[in-house]
Amino acid sequence: MIERVDIENGKIYEVRNFPTVKEQSDFWYMANECEYSYGQQSDSLMSQRQGRMVHRIDVNVFVRTEFWNKIEKYVNCPIGLSDAYINYADSSTLTFPHCDNRENEMSILLCLNQDWHRNWGGYTSFFSGVADNNIIKTVVPEPGKAIFFNGSIYHVALPPNNIAEYPRFMLALKLLWLEPKKEIK
């Protein structure tokens with residue numbers, strides 16, 4: 001179970017085999033069959049655009065899926081969904097460290113690939129601060145692995161290297177806390 005207080009305090013959860021086999025297969029086919037476009041914006045501190053391809057998913061449709069119900073049950077706090085998309089990255093993809101939000105909201109990344117080897121690269125690295133080079137965690141994009149984290153943590157999705165047999169597909173979900181933070185008395 002994911003605790004809001006842990007996310008707000010910067011804990012990064014890695015959950016292996018989060019989707020069912022069928023969900024993983026459905027996501028894989030969707031990632032390979034949908035259309036992608038450039039345009040993922042950098043955050044307001046960056047002077048350059050990310051050079052990655054994305055496929056936007058209608059959040060009103062996504063929140064009616066069984067997979068969303070699973071996420072709601074896994075998080076120990078009422079949540080909403082503000083954004084959903086698939087990132088497509090190959091060895092030519094240009095990415096920069098960024099944060100997803102500044103409000104301590106939660107983000108989820110889900111590796112959609114059905115096969116991945118660590119020597120293909122494509123890791124997600126998390127930094128201890130905005131301009132800090134200190135990496136606090138690096139995650140290999142293993143098939144079916146979900147990463148739950150505070151979206152205000154600066155991170156970078158490294159592109160796969162040129163020996164990767166497939167592009168790297170990641171489902172990115174940006175969540176909202178639906179109840180106010182409890183005041184400590």
Side-chain angles (χ1 to χ4, degrees), residues 1-2 7 11-40 49-59 61-75 81 83-100 106-127 135-151 153-175:
M1 178 94 30
I2 305 293
I7 293 296
K11 182 167 182 172
I12 300 168
Y13 290 87
E14 289 180 66
V15 181
R16 286 188 166 85
N17 303 314
F18 189 71
T20 64
V21 172
K22 180 177 181 344
E23 289 167 336
Q24 180 71 17
S25 178
D26 290 347
F27 280 133
W28 173 246
Y29 283 106
M30 183 170 103
N32 280 279
E33 294 173 354
C34 63
E35 293 183 17
Y36 292 87
S37 60
Y38 281 107
Q40 182 65 26
R49 291 174 77 108
Q50 304 277 0
R52 60 184 171 188
M53 303 284 284
V54 297
H55 171 75
R56 294 259 170 227
I57 299 170
D58 184 338
V59 296
V61 173
F62 195 87
V63 296
R64 292 193 304 262
T65 65
E66 284 300 315
F67 188 71
W68 176 252
N69 291 337
K70 177 190 273 184
I71 293 170
E72 286 183 310
K73 290 175 186 165
Y74 206 74
V75 176
L81 183 63
D83 203 3
Y85 53 90
I86 299 172
N87 284 319
Y88 168 103
D90 60 22
S91 62
S92 67
T93 301
L94 179 63
T95 60
F96 298 102
H98 65 280
C99 70
D100 296 340
M106 185 166 52
S107 290
I108 302 172
L109 296 174
L110 176 66
C111 179
L112 303 183
N113 290 73
Q114 293 197 328
D115 184 26
W116 199 263
H117 302 275
R118 69 178 183 194
N119 45 336
W120 291 355
Y123 311 138
T124 301
S125 292
F126 296 87
F127 297 93
I135 295 174
I136 57 174
K137 188 171 191 74
T138 297
V139 180
V140 176
E142 296 172 280
K145 182 187 282 183
I147 310 164
F148 295 76
F149 63 98
N150 186 320
I153 298 174
Y154 272 74
H155 58 283
V156 64
L158 300 170
N161 60 42
N162 59 3
I163 65 165
E165 294 181 18
Y166 311 102
R168 175 186 178 267
F169 296 106
M170 293 292 275
L171 175 64
L173 303 173
K174 313 302 181 198
L175 281 64

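Each residue takes its place number in the sequence, starting with 1.
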Under the side-chain contact (heavy atoms from CB on, under 4.5 Å) test, which residues partner Ser125, sequence neighbours left out? Ile135, Thr138, Val156, Leu158
Taking every heavy atom of Ala146 against every heavy atom of Ile108, the minimum-distance pair comes out as CB-CG2, 4.5 Å
Do the numbers put Lys70 on top of the ring of Tyr74, so that NZ or CZ is under 6.0 Å from the six-membered ring centre and no more than 45° off the axis? no
Return the CE to CG distance between Met170 and Leu110, rounded to the nearest 0.5 Å. 7.0 Å
Is it the case that the ring center of Phe18 lies less than 6.0 angstrom away from the ring center of Phe148? yes
My understanding is that only residues two or more places apart in sequence, or in another chain, count here; which of them pass side-chain hydrogen bond (donor to acceptor under 3.5 Å, both in side chains) with Lys73? none
Kindly give the heavy-atom pair with the smallest separation between Cys111 and Glu142, and that separation in Å. CB-O, 3.1 Å
Ring centroid separation for Phe169 and Tyr88, is it under 6.0 angstrom? yes
Measure from the side-chain N and O atoms of Thr95 to the backbone N and O of Ala157, and report whether any donor-acceptor pair falls under 3.5 Å. yes
Give, for atom CD1 of Ile12 and atom CD1 of Ile147, the distance between the pair rounded to the nearest 0.5 Å. 8.5 Å
How long is the straight-line distance from CD1 of Ile153 back to CD1 of Ile136, given to the nearest 0.5 Å? 5.0 Å
Heavy atoms only: give me the nearest Leu173-Ala84 pair and the separation to one decimal. CD2-CB, 3.6 Å
To the nearest 0.5 Å, atom CZ of Arg56 lies from atom CG of Asp83 at 4.5 Å
Interatomic distance, Lys11 atom NZ to Ile2 atom CD1 [nearest 0.5 angstrom]: 8.0 Å
Of all the heavy-atom pairs spanning Leu112 and Ala31, show the shortest one and how long it is. CD1-CB, 4.0 Å
Is there a donor-acceptor pair under 3.5 Å between the side chain of Asn150 and the backbone N or O of Ile7? yes
Just by distance, no angles: are the side chains of Glu72 and Trp68 close enough, under 3.5 Å, to form a donor-acceptor pair? yes
Donor-acceptor contact below 3.5 Å, side chain His55 vs main chain Tyr36: no
Do the ring centers of Trp116 and Tyr166 come within less than 6.0 Å of each other? no
Beyond-backbone contact of His155 with Phe149, side-chain heavy atoms, under 4.5 angstrom: yes
One should read off an interatomic distance between Tyr154 OH and His98 NE2, to the nearest 0.5 angstrom, of 9.5 Å
Using atom types as modelled and distance alone, determine if a side-chain donor or acceptor of Gln24 lies under 3.5 Å from a backbone N or O of Asn113. yes
Where Phe67 and Leu171 come nearest, the two heavy atoms and their spacing: CE2-CD2, 4.4 Å
Closest approach of Pro160 and Arg168, non-hydrogen atoms and distance? CG-CB, 3.9 Å
